[in-house]
Amino acid sequence: MRLLDVLRRLPQPVTATRLAAETEISLRQLYRDIATLRAGGALIDGAAGYGYTLTEDPALPPQSFSRLEIEALLLSVASLGDLGDENLAEAGRNALARIIGTLPDRQARQAMHATMHSWRPPAVRAAITIDLEILRQACWDEQSVRIAYRDRSGQRSEREIFPLGMSYSPRTLMLVAWCLLREAYRTFEVACIEGLQRGDNSFRPRRAELLRRYIAASKTD
């Protein structure tokens, strides 16, 4: 699956050396994996010394989109690069590559020759020093985290929270959470979190109800 992902994502034809480097395997293993994929129904053109092109992917069902839908997908994924979260942007590019890999030839060519592009002045974003993957996983797992936080006045605090969701804006990333210290909702600027580690408390299946209450309270403020 990693090899298929690379073949979908990189400009083709892709050399064996590049494929081996991207998938962190030896050239000998790469040639065996290419043969395995071909035996499984993948149509991969090319050979050692010439590069490889994935022309038919058996792992993906056929898709169909209008030209405007294709342009909208391309614009949406491109905008992820403005959020300062490279892992998120890469995930979007990989997902888009899978989608394009399922399109009929005519629509795939339309994706290659998109006419709509967006541009905005680069925003100055505060640097995030914590591992966002830990925070994302805690949100998905509905598991508490312990944070060390320094607010804009410079005051530092440590607390355990239930992370309910993250909100991206052009300039910052905010975390909505239920604070176990204050027993109340709090929003934290992620760039101001100086320390982060997984907690021991699960809030499953309370997340949906906590979010509903937060949204209802926000509407009345």
Side-chain angles (χ1 to χ4, degrees), residues 1-6 8-9 22-24 59-60 73 75-99 120 122-221:
M1 292 303 298
R2 290 178 62 194
L3 180 54
L4 280 174
D5 283 342
V6 174
R8 296 182 194 115
R9 175 167 48 88
E22 289 284 337
T23 53
E24 299 180 341
L60 299 176
L73 287 170
L75 282 170
S76 298
V77 171
S79 68
L80 294 177
D82 298 329
L83 299 180
D85 186 341
E86 180 53 33
N87 287 344
L88 181 64
E90 183 178 2
R93 291 191 293 268
N94 290 342
L96 183 61
R98 291 192 185 98
I99 292 172
R120 66 194 70 181
V124 177
R125 301 182 66 91
I128 294 174
T129 58
I130 63 167
D131 188 343
L132 281 179
E133 295 306 312
I134 295 176
L135 186 57
R136 265 194 282 265
Q137 196 63 50
C139 290
W140 294 333
D141 293 344
E142 299 176 358
Q143 188 77 23
S144 69
V145 292
R146 291 188 290 272
I147 64 171
Y149 188 76
R150 190 178 300 277
D151 64 23
R152 290 187 176 275
S153 66
Q155 185 173 355
R156 192 177 189 274
S157 62
E158 296 185 4
R159 63 187 77 197
E160 188 171 6
I161 61 174
F162 292 157
L164 303 178
M166 295 186 288
S167 176
Y168 289 87
S169 79
R171 293 189 177 275
T172 191
L173 171 60
M174 302 299 294
L175 171 68
V176 177
W178 175 262
C179 178
L180 298 181
L181 176 66
R182 303 297 184 189
E183 294 189 348
Y185 292 105
R186 291 289 186 270
T187 56
F188 301 95
E189 186 172 356
V190 175
C192 294
I193 299 177
E194 298 180 340
L196 170 73
Q197 59 181 170
R198 295 269 297 206
D200 300 320
N201 293 304
S202 171
F203 56 100
R204 182 174 295 167
R206 295 178 56 196
R207 179 176 178 272
E209 176 59 26
L210 285 169
L211 275 175
R212 279 196 294 268
R213 287 164 46 193
Y214 173 80
I215 294 170
S218 299
K219 290 180 179 179
T220 60
D221 289 345

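All figures in this text were calculated on a predicted structure; none of them were measured in a lab.
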Checklist outcome for this item: Taken to the nearest 0.5 Å, the spacing of Ile130 CD1 from Ile193 CD1 works out to 4.5 Å
Checklist entry - For Gly199, does its backbone N or O pair with a side-chain atom of Gln143 as donor and acceptor, under 3.5 Å? => result yes
Item to check | Backbone of Ile147 reached by a side-chain donor or acceptor of Arg159 within 3.5 Å | outcome: no
Checklist outcome for this item: By salt bridge (charged side-chain N to carboxylate O under 4.0 Å, His left out), Arg150 pairs with (sequence neighbours left out) Glu194
Next on the checklist: I need the Leu196 CG to Ile128 CD1 distance, nearest 0.5 Å.
Outcome noted: 11.5 Å
Checklist outcome for this item: The reported gap from CZ in Phe203 to CG in Leu180 (rounded to nearest 0.5 angstrom) is 9.5 Å
Item to check | Residues that Asp151 engages under salt bridge (charged side-chain N to carboxylate O under 4.0 Å, His left out), provided they are two or more places apart | outcome: none
Checklist entry - Quick check: does any side chain N or O of Arg98 sit under 3.5 Å from a backbone N or O of Arg8, one acting as donor and the other as acceptor? => result no
Next on the checklist: So, taking the atom named CG in Leu96 and the one named OG in Ser76, what distance separates them when rounded to the nearest 0.5 Å?
Outcome noted: 9.5 Å
Checklist entry - Can you tell me how far the CD atom of Glu86 sits from the CG atom of Leu80, to the nearest 0.5 Å? => result 10.0 Å
Next on the checklist: If you compare all heavy atoms of Pro163 against all heavy atoms of Leu135, which two are closest, and at what distance to 0.1 Å?
Outcome noted: CB-CD1, 4.2 Å
Checklist entry - Could you walk me through whether Trp178 and Glu183 pass the side chain to side chain contact (heavy atoms under 4.5 Å, CB included) check? => result CA-CA 7 Å; Trp178 175 262; Glu183 294 189 348; 4.2 Å; yes
Item to check | Charged N-O contact under 4.0 Å between Asp5 and Arg2 | outcome: no
Next on the checklist: Tell me whether Glu133 at atom CD has more than 12 heavy atoms from other residues, nucleotides or ligands lying less than 6.0 Å away.
Outcome noted: yes
Next on the checklist: Does atom CZ (Arg152) have a neighbourhood of more than 12 heavy atoms from anything else shown, all under 6.0 Å?
Outcome noted: no
Checklist entry - Of all heavy-atom pairs between Ala191 and Ala127, which one has the smallest distance, and what is that distance? => result CB-O, 3.5 Å
Next on the checklist: Please check this pair: side chain of Arg146 against backbone of Glu158, looking for a donor-acceptor N/O pair closer than 3.5 Å.
Outcome noted: no
Next on the checklist: Which heavy atom of Arg125 sits nearest to which heavy atom of Leu173, and what is that distance?
Outcome noted: NH2-N, 4.0 Å
Item to check | Contact summary for Arg204 and Asp141, nearest pair of heavy atoms | outcome: NH2-O, 3.1 Å
Checklist entry - Hey, is the main chain of Ala177 close enough, under 3.5 Å, to the side chain of Arg186 for a donor-acceptor pair? => result no
Checklist entry - In Å, rounded to the nearest 0.5 Å, how long is the span from OH of Tyr149 to CZ of Phe188? => result 7.0 Å
Checklist entry - So Glu189 and Arg171, salt bridge (Lys or Arg N to Asp or Glu O under 4.0 Å) or not? Walk me through it. => result CA-CA 11 Å; Glu189 186 172 356; Arg171 293 189 177 275; over 6 Å; no
Item to check | Full working for side chain to side chain contact (heavy atoms under 4.5 Å, CB included) between Leu132 and Leu88 | outcome: CA-CA 10 Å; Leu132 281 179; Leu88 181 64; over 6 Å; no
Item to check | Glu90/Arg93 ion pair, N-O < 4.0 Å | outcome: no
Item to check | NZ/NE/NH1/NH2 to OD/OE distance under 4.0 Å, Glu209 and Arg212 | outcome: yes
Item to check | Minimum heavy-atom distance between Asp200 and Glu160, given as atom pair plus value | outcome: N-OE2, 3.8 Å
Item to check | Tyr185 side chain to Leu210 backbone, donor-acceptor under 3.5 Å | outcome: yes
Checklist entry - Side-chain contact, heavy-atom cut-off 4.5 Å: Met166 with Asp85? => result no
